[in-house]
Amino acid sequence: MRHRTVAGGIPRRAFAAADEFSILADDLPATRDAGAADAEIDAMVDSAHRRMARALRRFRRPAVRAGITDSPLGRLLVAEGPRGLLAVAYLDTPGAAPAFDALRAGYDVTVDLAVAVRVRKEIDRLLAGDSAPIDAHPVDLSLVAGDFQRRALAHLRRVPPGAVVTYQGLAEAIGAPSGQRAIGNSMASNPLPVYVPCHRVIRSDGAIGNYGGGVERKLSLLRAEGFAIGSDQRLPPQAVWGHRRSHIFCRPGCAAVRRATRPRWMIFADAEHACGAGMRPCKLCGPG
Amino acid sequence: MESGGSFPFPPPFDEAVRRHERELMRYLMRATRDREDALDVFQEMWLRAYRAWPTLASAEGVRPWLYRIATNLCLNRSRDRMRRARVIAEDAPEFATDNSGVNGSNEGVIHLRAAIAALPRKQREAFVMRKFGGLEYEEIAEALACSPESARAGVYQALKKLRAAAGG
């Protein structure tokens with residue numbers, strides 16, 4: 001075979017054919033049906049498919065379906081893989097570019113508006129006070145940056161709507177008491193905002209703090225989930241502290257809150273939300 | 001409310017395979033004139049295309065880009081073979097003059113081949129894409145990252161040199 005291939009990648013026999021097509025006569029492109037017969041090409045493509053499938057299997061990127069939706073929270077990029085929702089990104093924030101890059105580099109992305117429609121409807125429901133569809137939506141944490149962020153975000157999935165935790169409390173809950181700032185970064189680069197509720201993390205002093213999608217969105221989400229947050233952007237006075245293990249909730253100033261360790265506390269929008277989460281009021285401070 | 005039109009993602013790979021595989025196989029068959037060679041290059045080009053797929057911005061330039069990969073692989077392959085052939089020729093001089101059986105009409109063909117090999121890279125690629133791939137100038141321009149006029153000029157220059165080589 002070797003002696004048949006020649007300079008320019010064109011083997012000797014091609015030049016015999018080239019002469020037939022009078023290759024030098026004009027500058028018209030070669031006729032497209034020249035060469036092998038259709039049936040032979042079909043047979044070759046068929047046999048190539050089997051070899052290619054084998055070779056490609058080794059470095060095939062996972063398939064995801066993605067779309068863009070104008071949700072009530074703004075324009076969102078949404079991507080879903082076989083294991084669940086993979087990415088949600090606010091298109092008007094700096095977080096959108098890394099999401100696009102990560103999807104492009106690591107996945108085979110096909111446009112599928114059904115995914116985007118479903119997410120928009122679930123967000124509509126959430127803003128109307130029903131978080132059940134979002135809670136039930138499976139998530140794929142593959143785009144999470146590392147073990148620290150994974151633990152922080154996994155922990156957040158256990159904070160129900162109508163409740164929040166503090167950055168400090170979350171840091172302590174995942175065994176990194178001095179990792180408050182790292183928690184902040186982990187929340188800011190959450191690949192699945194809304195679905196992994198990083199908006200349910202606030203500052204220990206009662207201010208709602210920052211949000212990757214902007215403070216306005218955090219306010220909308222927390223208000224939709226029951227927090228009567230005013231223009232001061234702080235927790236409302238009726239918010240109560242619930243202890244995860246004892247299932248007792250207290251007023252913020254209660255001696256029990258000050259005694260107990262922070263990781264076990266969640267802050268509920270009000271007594272009603274705490275009761276809804278299966279808690280009972282403290283006998284010392286008598287909240288609600 | 002939902003959209004996908006201005007999506008900055010490459011088009012689906014499998015769709016591009018389905019759409020272009022037959023014409024590319026035909027092109028490779030024409031370029032290599034050997035079933036096994038064509039199949040090898042075909043597989044290699046799709047693997048390369050798959051790996052580089054994330055760098056594609058849109059469906060627009062896919063076809064010329066694929067032709068470009070295919071053409072480069074054919075050129076690399078023949079360069080490797082020529083290098084190997086040269087080593088063999090140096091080791092065993094009798095193979096070097098294995099043109100004894102070649103008749104008169106084939107001598108012209110060999111001459112033409114050498115002339116194509118001697119073309120500058122851009123002219124050669126443009127010529128091969130035009131003559132063996134049947135691409136339009138716009139497509140060649142995209143594949144070679146130049147203007148269609150420049151692609152046309154490349155083919156024209158190649159033709160001029162090759163005609164001179166064939167005549168002289």
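Worth saying up front: this structure is predicted, and the values here are computed from it rather than measured. A, B, ... follow the sequence lines: proteins, then strands. Residue 1 opens every chain. The basis for the numbers below is simple: all heavy atoms, side chains too, and nothing from hydrogens, waters or symmetry mates.
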Q) Top residue by heavy-atom pair count (under 4.5 Å) with chain B, among A/Leu103, A/Val109, A/Asp101? A) A/Val109

Q: May I ask you to test the B/Glu15-A/Thr110 pair for a side-chain heavy-atom distance under 4.5 Å?
A: no

Q) Are any of the side-chain heavy atoms of A/Asp108 and B/Pro12 separated by less than 4.5 Å? A) no

Q.
To the nearest 0.5 Å, what is the distance between CD on B/Gln43 and CZ on A/Arg50?
A. 12.5 Å

Q: Kindly check if the number of other-residue, nucleotide or ligand heavy atoms within 6.0 Å of CG (A/Asp112) is above 12?
A: yes

Q. Taking only heavy atoms into account, what residues of residues 77-98 of chain A are found under 4.5 Å from chain B?
A. A/Leu77

(Q) Going by side-chain contact (heavy atoms from CB on, under 4.5 Å), A/Met44 matches just one of B/Met25, B/Arg26, B/Glu36, B/Glu21. Which one? (A) B/Met25

Q: Examine whether an atom of A/Ala105 lies under 4.5 Å from a heavy atom of chain B, and if so say whether it belongs to the side chain, the backbone or both; otherwise answer neither.
A: backbone

Q. Hey, are the side chains of B/Arg22 and A/Asp38 touching, using non-hydrogen atoms and a 4.5 Å cut-off?
A. yes

**Q.** Note, A/Leu56 side chain near B/Phe13 side chain (heavy atom, < 4.5 Å)
**A.** yes

Q. So do A/Val111 and B/Phe9 actually touch side chain to side chain, heavy atoms under 4.5 Å?
A. no

Q: For side-chain contact (heavy atoms from CB on, under 4.5 Å), just list the numbers for B/Phe42 and A/Arg51, CA-CA rounded to whole Å, side-chain angles, deciding distance to a tenth of an Å, and then say yes or no.
A: CA-CA 10 Å; B/Phe42 183 82; A/Arg51 283 168 67 185; over 6 Å; no

**Q.** Partner chain B: residue of A/Arg104, A/Arg61, A/Arg60 with the largest heavy-atom pair count (under 4.5 Å)
**A.** A/Arg61

(Q) Need one label for B/Tyr50: side chain, backbone, both or neither, based on atoms under 4.5 Å from any heavy atom in chain A. (A) both

Q: Quick one: which of B/Leu47, B/Val41, B/Leu24 has the most heavy-atom pairs under 4.5 Å with chain A, could you say?
A: B/Leu47

